[in-house]
Amino acid sequence: MPSIQESKLAFIGGGNMASAIIGGLLSKGVNKQNICVSEPWDVNREKMAALGVRTTTSNVEAGGDADLVIIAVKPQVAKSVCEELGGAWSPRATLPVVVSIAAGITLDSLKGWLTTSDSRTAHTVRVMPNTPALVGEGASGAFAGADITPDEKDLVNAMLGSVSKATEWVDREELLDVVTGLSGSGPAYFFAMVEHLIASATALGLPEEQATRLATQTCLGAGKMLVESADSPSQLRKNVTSPNGTTYAALQTFESLDFKEIVDKSVQAATARSAELGKS
């Protein structure tokens with residue numbers, strides 16, 4: 001199995017996540033000409049071409065001789081794309097490793113669709129990345145079938161490592177739905193929190209521009225502390241909370257409104273919806 005720098009990579013779909021991963025790969029020294037993107041929309045294809053990678057409108061052309069194929073399309077078109085690729089791979093040819101970032105599509109479905117005319121199927125990995133990958137700060141969950149080799153797993157890790165600071169492999173596929181509810185959808189939870197912090201401070205008289213700068217930097221600083229500190233999130237919270245102080249007053253309000261239950265039900269709802277999408 002070649003290294004990520006030596007591998008030929010095909011992206012089926014050229015949207016934001018594909019763009020983020022490609023940007024990360026290029027920053028790690030991957031040869032632009034080793035990357036090919038299949039994208040039907042002119043605007044997205046032109047954006048990919050501007051990065052210096054090869055582009056095409058043909059999924060088969062992109063994935064024909066690749067070592068690693070990344071399925072970066074909407075879930076509703078994943079079946080047709082995978083069946084097209086599987087049907088085009090030549091009998092007895094070496095099959096690529098396939099990575100799917102199509103939300104909810106199960107490994108069994110993917111492998112069934114990726115079966116070749118001589119009844120072989122590509123080794124396949126499901127990945128749930130998140131949008132902070134766009135700024136090189138992603139968190140990804142991954143699940144692979146038993147046929148994935150250590151070298152293949154290393155190749156996928158290298159690809160994800162170009163945009164993700166944390167990549168967690170789960171040992172049961174249904175846990176990817178939990179990853180979706182936690183880190184896949186998670187950025188939106190923080191965006192909503194900051195949105196409401198800004199609105200509250202503005203309603204109390206602080207200019208919106210100042211409230212925005214203070215709230216966004218607070219979120220960034222807190223996130224950096226969570227990543228870099230040896231303390232747990234619980235301990236970091238306690239460190240900020242003086243008895244009967246301002247933070248204590250705010251946290252008591254959270255508790256009275258059952259903030260824990262709100263978060264728990266929200267993650268459960270996102271997890272359940274991910275599982276539902278997989279079944280449909």
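Small disclaimer: the values here were computed from a predicted structure and weren't measured. Only heavy atoms go into these numbers, but all of them, side chains included; no hydrogens, no water, no symmetry mates.
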Looking at every non-hydrogen atom in both residues, tell me the closest pair between [X] and [Y] and how far apart they are.
X: Met159; Y: Val99; answer: CE-CG1, 4.1 Å
X: Ser164; Y: Ala139; answer: OG-N, 4.0 Å
X: Ile71; Y: Val81; answer: CD1-CG1, 4.3 Å
X: Asp177; Y: Ser274; answer: OD1-OG, 2.7 Å
X: Pro187; Y: Pro132; answer: CG-CD, 3.5 Å
X: Leu134; Y: Ala20; answer: CD2-CB, 3.5 Å

- Stepwise side-chain contact (heavy atoms from CB on, under 4.5 Å) test for Arg120 and Thr115: CA-CA 5 Å; Arg120 295 180 300 140; Thr115 300; over 6 Å; no
When you measure from the side chain of [X] to the backbone of [Y], do you find a donor-acceptor pair of N or O atoms at a distance under 3.5 Å?
X: Thr124; Y: Ala122; result: yes
X: His123; Y: Val97; result: no
X: Arg45; Y: Glu39; result: yes
X: Ser7; Y: Leu9; result: no
X: Gln33; Y: Gly52; result: yes

Taking atom [atom1] of [X] and atom [atom2] of [Y], what is their separation to the nearest 0.5 Å?
X: Ser109; Y: Lys111; atom1: OG; atom2: NZ; result: 12.0 Å
X: Asn130; Y: Ser183; atom1: CG; atom2: OG; result: 5.5 Å
X: Leu220; Y: Met225; atom1: CG; atom2: CE; result: 12.0 Å
X: Met48; Y: Phe11; atom1: CE; atom2: CZ; result: 9.0 Å
X: Ser38; Y: Asn59; atom1: OG; atom2: CG; result: 3.5 Å
X: Leu51; Y: Ser19; atom1: CG; atom2: OG; result: 5.5 Å

- Item | salt bridge (charged side-chain N to carboxylate O under 4.0 Å, His left out) involving Glu6 - partner list, sequence neighbours excluded |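 Applying salt bridge (charged side-chain N to carboxylate O under 4.0 Å, His left out) to Glu6 gives none.
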- Are more than 12 heavy atoms from other residues, nucleotides or ligands located less than 6.0 Å from atom NZ of Lys79?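 At most 12 heavy atoms, drawn from other residues, nucleotides or ligands, come within 6.0 Å of this atom.
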- Message: Does atom CG (Asn16) have a neighbourhood of more than 12 heavy atoms from anything else shown, all under 6.0 Å?
- Response: no
Test item: [X] and [Y] side chains (from C-beta on) under 4.5 Å apart, heavy atoms:
X: Ile35; Y: Arg54; result: no
X: Phe143; Y: Val179; result: no
X: Lys32; Y: Leu26; result: yes
X: Leu110; Y: Thr106; result: no
X: Trp89; Y: Leu95; result: yes
X: Asn31; Y: Gln5; result: no
X: Asp264; Y: Ile262; result: no

Check the hydrophobic clustering (I, L, V, M, F, W, Y; side-chain heavy atoms under 4.5 Å; chains of links allowed) and say if [X] and [Y] are grouped together.
X: Leu114; Y: Val127; value: no
X: Val53; Y: Leu68; value: yes
X: Ile70; Y: Val73; value: no
X: Val98; Y: Val77; value: yes
X: Leu160; Y: Ile22; value: yes

- Message: Working note: Asp231 + Lys238, criterion salt bridge (Lys or Arg N to Asp or Glu O under 4.0 Å); need CA distance, chi angles, decisive distance, verdict.
- Response: CA-CA 10 Å; Asp231 290 336; Lys238 292 174 183 177; over 6 Å; no
- Quick one: side chain to side chain contact (heavy atoms under 4.5 Å, CB included) partners of Ser58, sequence neighbours excluded?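 So Ser58 forms a side chain to side chain contact (heavy atoms under 4.5 Å, CB included) with Thr56, Val60, Glu61.
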- Thinking salt bridges, do Glu209 and Arg213 make one under a 4.0 Å N-O criterion? no
- Please assess Trp169 against Asn157 for the test side-chain contact (heavy atoms from CB on, under 4.5 Å), listing each intermediate value before the final yes or no. CA-CA 10 Å; Trp169 291 79; Asn157 273 328; 2.8 Å; yes
- Report the residue from Leu214, Leu197, Val194 that forms a side chain to side chain contact (heavy atoms under 4.5 Å, CB included) with Cys219.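 Running side chain to side chain contact (heavy atoms under 4.5 Å, CB included) over Leu214, Leu197, Val194 with Cys219 returns exactly one hit, Val194.
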- Message: Pair Glu152, Thr149 - check side-chain contact (heavy atoms from CB on, under 4.5 Å), show working.
- Response: CA-CA 5 Å; Glu152 291 170 339; Thr149 69; 3.1 Å; yes
- Query: Does a side chain donor of either Thr116 or Asp118 reach within less than 3.5 Å of an acceptor in the other side chain?
  - Reply: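 Asp118 and Thr116 do have a side-chain donor-acceptor pair below 3.5 Å.
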- Trace of the side-chain contact (heavy atoms from CB on, under 4.5 Å) decision for Ile105 with Trp113: CA-CA 11 Å; Ile105 306 298; Trp113 300 336; 3.5 Å; yes
- Please, which pairs that meet side chain to side chain donor-acceptor pair (under 3.5 Å) have at least one residue in residues 241-259, sequence neighbours excluded? none
